[in-house]
Amino acid sequence: MRRRPSGRMAQADSEELTVTPQNVSEMARAFSDGELNSGEIETLNEQLDADPALKRAFEKRCQVLGLVAGSVGSMQISNDFDQKASGRLDRRNKVMREREAQGLKTSARDISTTGLGIDSISPEEEEGEPVAAAGGFMDSLSAQFGSAPWWIISGAFHALLILLVFLIGMVVMQAKQEDLVIVTNLEKQEKPPEPEKKLERDIIEKPIPVVTENEVVTDQQPIVTHEVVEFAEQVETDNDSDAHDTKGEDGISDIWLGGQGTVGSIGVGGGGRAGAFGRPNGAGGRMRRAVAGGGGKATESAVDKALEWLAKHQEPDGHWDTKKYEGSHEVDPGVTALALLAFLGAGHTEKVGKYKDNVQRAVNWIISKQEADGSIGKAYKEFWHPGYAYHHSMCGLALAEAAAMARVPATVQAATKAIQYTQDIHQAGDGQSEKQAWRYHQKDKEGDASVSGWFVMQLKSAKIAGLPVDPASFEGALKWYDSIEVKENNNGPYGGGKFPYQKGKKVALNTTAIGILCNLFLGRKADELQGGAEYLAQNLPTWDPKLGQGGVNQSCFPMYYTYYGTLTMFQMGGHYWKQWNESLKTMLLPKQRVGGDEDGSWDPMGGADDKMGGRVYMTATGALCLEVYYRYMPIVKH
């Protein structure tokens with residue numbers, strides 16, 4: 001093949017086209033510029049097929065110039081057709097000149113219809129097949145792509161190249177993911193042991209079986225929840241203490257209750273001092289005060305679960321049906337009052353708290369049982385006597401605390417009526433100097449230490465609430481307790497502070513606890529009552545069903561003794577409280593039920609008191625015992 005005489009690659013006709021490593025770049029450029037004819041392209045193909053290394057260098061150079069290897073074939077096909085069309089045109093022009101020389105005219109129509117010059121075209125040209133021989137790399141590409149322009153082929157090739165790169169990337173990524181799955185499946189790793197979860201309640205894991213004569217299936221009442229009562233974790237230091245935390249004689253309220261002597265300085269004023277309400281929603285919240293008093297997460301969790309059980313088992317009208325839950329007598333008013341006190345002691349009121357609806361319903365039910373004279377519970381019988389003094393004193397106490405905490409007008413009015421009945425109708429004695437104590441019936445001069453304790457607590461809470469309380473009622477109660485106190489050794493530090501049920505009867509633990517507490521709240525100094533505190537310290541709380549069956553000094557009321565003993569020893573403080581508190585937690589926390597319908601409650605222990613009140617009574621008093629850390633602020637400096 002000879003080079004074209006025109007163009008930058010023009011050489012002599014006799015010179016052959018030869019591709020070498022030295023001129024491959026120049027040949028690629030000539031090919032790219034279209035300077036090679038079909039014959040030269042054929043020669044180029046043969047030389048490139050014979051030398052793969054030279055072919056790769058040529059193709060690489062063409063790619064740099066913006067062409068692909070396949071463009072060689074398309075350029076070859078394009079040049080072949082151009083050559084054929086040029087040959088046809090030369091022959092047609094030659095025929096036309098010959099006819100003109102002969103004097104014949106030839107039009108374009110004659111040329112198209114007669115096919116002038118067509119018969120001189122070879123059969124291969126007529127069929128549109130390229131003249132160049134097949135078999136080379138460039139020839140195969142030419143056969144595939146025909147005479148398409150080179151820039152279309154280049155664009156298509158690059159699109160295919162990008163698609164190929166994308167597919168390769170997807171395959172590699174999928175392979176990596178599969179490898180990860182294979183490794184995970186093949187290498188079985190042992191699951192690390194989970195750390196032990198410490199229960200918030202330090203209580204038993206298996207429920208204690210309860211055998212009852214008549215099991216009653218009841219529908220649980222829904223709990224309507226509201227804002228959660230403040231539950232702070234931080235414990236304030238001594239330097240952070242505020243006026244509400246003041247303890248000791250210096251912290252006794254200066255609110256004057258009237259009367260003379262001791263009662264005139266009784267510490268039952270507001271602000272959390274001298275046995276007043278402990279403000280569980282105040283600065284620091286329940287947890288702070290619980291920790292400061294010797295409690296913590298375990299005791300607070302137990303209180304929460306107890307309240308949850310009480311809320312679930314409250315009747316729609318607001319009271320608690322003791323007979324449904326292992327109670328044996330109609331003691332619903334008194335037990336409902338205890339359950340209400342448990343909610344109030346944790347800071348839930350008629351206005352705030354998670355259980356404010358439960359509190360509202362309980363308050364309304366108690367008010368609905370109030371008579372015109374202000375008494376509460378006359379329609380209910382008490383097991384051991386025909387009176388209703390316990391019902392009225394407990395319900396009046398609950399109303400007084402509810403009134404002090406939420407100031408709902410209807411509650412304040414009902415609490416005021418109850419207080420008026422307590423001091424004007426039921427308390428023994430009429431005049432200022434004749435007031436004494438209380439018993440089951442109105443104006444019973446004998447009195448007893450147990451029921452009188454509830455009345456004293458009721459009046460104390462009423463005074464804190466700002467309700468009208470006659471100072472003579474406090475004076476009369478203090479004189480009466482002084483009249484029955486047993487003072488075995490007047491000269492010794494532990495001579496006094498022990499109390500029987502009534503004057504002349506045997507000293508008992510539960511009445512001693514009640515007597516000490518009332519005397520502290522009525523203004524007596526703790527030093528004068530250490531004899532009774534020592535007596536209690538020798539009989540720490542314990543979960544023993546035998547104590548409710550005539551046990552020594554327990555008067556058959558073990559939970560009743562535990563409740564009043566807890567309030568009393570907390571007020572005494574010091575080593576008395578430290579010993580008592582540890583025994584209290586050991587007694588109650590492990591015995592709180594876990595799981596089932598009884599979750600959060602306490603089983604009846606077997607004493608005469610819990611046989612009457614059943615599970616509701618046990619759960620309410622258990623919660624009240626564990627709320628001691630913040631329910632009433634201590635009087636005595638610890």
Side-chain angles (χ1 to χ4, degrees), residues 247 275 293-295 299 448-454 456-457 478 481-482 484-490 492-502 505-544 546-548 550-589 605 607-610 621-622 624-629 631-638:
K247 301 177 178 64
T299 60
D448 76 64
S450 178
V451 73
S452 293
W454 291 104
V456 170
M457 298 288 285
L478 185 60
Y481 274 108
D482 182 70
I484 69 169
E485 182 181 358
V486 176
K487 301 176 182 179
E488 298 174 345
N489 183 6
N490 292 331
Y494 308 123
K498 297 178 183 178
F499 298 87
Y501 178 67
Q502 289 178 311
K505 293 188 177 182
K506 186 178 180 180
V507 170
L509 286 171
N510 54 354
T511 52
T512 294
I514 297 170
I516 294 175
L517 183 66
C518 289
N519 273 268
L520 288 173
F521 284 161
L522 291 172
R524 286 276 301 275
K525 293 183 178 181
D527 292 344
E528 300 174 1
L529 302 166
Q530 288 190 57
E534 288 291 330
Y535 179 39
L536 301 185
Q538 295 170 10
N539 297 273
L540 298 174
T542 181
W543 191 280
D544 186 357
K546 294 180 181 179
L547 297 177
V552 179
N553 294 326
Q554 291 287 348
S555 300
C556 302
F557 304 118
M559 196 62 182
Y560 190 57
Y561 165 63
T562 300
Y563 169 68
Y564 266 109
T566 298
L567 293 178
T568 299
M569 297 299 258
F570 179 73
Q571 294 298 330
M572 291 297 295
H575 69 280
Y576 294 123
W577 172 240
K578 184 176 182 180
Q579 282 183 298
W580 185 278
N581 184 44
E582 292 305 314
S583 295
L584 175 70
K585 291 187 290 186
T586 302
M587 171 189 173
L588 291 180
L589 296 181
M605 196 188 308
D609 53 344
D610 55 76
T621 51
L624 286 168
C625 286
L626 296 176
E627 291 171 359
V628 67
Y629 311 106
R631 186 179 172 210
Y632 298 122
M633 293 302 294
I635 300 172
V636 180
K637 187 174 183 179
H638 293 177

Inset, instruction - For the pair Leu589 and Leu626, evaluate side-chain contact (heavy atoms from CB on, under 4.5 Å) and give the outcome as yes or no after the intermediate values. - result: CA-CA 9 Å; Leu589 296 181; Leu626 296 176; 4.1 Å; yes
Do the side chains of [Y] and [X] get nearer than 4.5 Å, heavy atoms only?
X: Met559; Y: Leu588; value: yes
X: Thr566; Y: Phe570; value: no
X: Leu540; Y: Thr586; value: no
X: Asp448; Y: Gln502; value: yes

Legend entry - Pair Tyr561 and Trp580, ring centroids less than 6.0 Å apart: yes
Please round to the nearest 0.5 Å and tell me the distance separating atom [atom1] of [X] and atom [atom2] of [Y].
X: Leu509; Y: Gln538; atom1: CG; atom2: CD; value: 9.5 Å
X: Lys498; Y: Lys506; atom1: NZ; atom2: NZ; value: 12.0 Å
X: Asn581; Y: Thr299; atom1: CG; atom2: OG1; value: 8.0 Å
X: Asn519; Y: Phe499; atom1: CG; atom2: CZ; value: 4.0 Å

Legend entry - Test applied, side chain to side chain contact (heavy atoms under 4.5 Å, CB included); reference residue, Tyr564; option that passes from Thr512, Asn510, Leu517: Leu517
Legend entry - Residue among Pro558, Cys625, Ser583 satisfying side chain to side chain contact (heavy atoms under 4.5 Å, CB included) with Pro541: Ser583
Inset, instruction - Please lay out, stage by stage, how Ile516 and Leu536 fare under the test side-chain contact (heavy atoms from CB on, under 4.5 Å). - result: CA-CA 10 Å; Ile516 294 175; Leu536 301 185; 4.3 Å; yes
Inset, instruction - Show your working on side-chain contact (heavy atoms from CB on, under 4.5 Å) between Ser450 and Tyr560 and close with a plain yes or no. - result: CA-CA 10 Å; Ser450 178; Tyr560 190 57; 2.7 Å; yes
Inset, instruction - Anything under 30° is parallel, anything over 60° is perpendicular, the rest tilted; go ahead and classify Tyr629 against Trp577. - result: perpendicular
Inset, instruction - In sequence, state the C-alpha distance, the side-chain angles, and the governing distance for Met572 and Leu520, and then conclude on side-chain contact (heavy atoms from CB on, under 4.5 Å). - result: CA-CA 9 Å; Met572 291 297 295; Leu520 288 173; 4.1 Å; yes
Legend entry - salt_bridge(Glu528, Arg524) N-O dist < 4.0 Å: yes
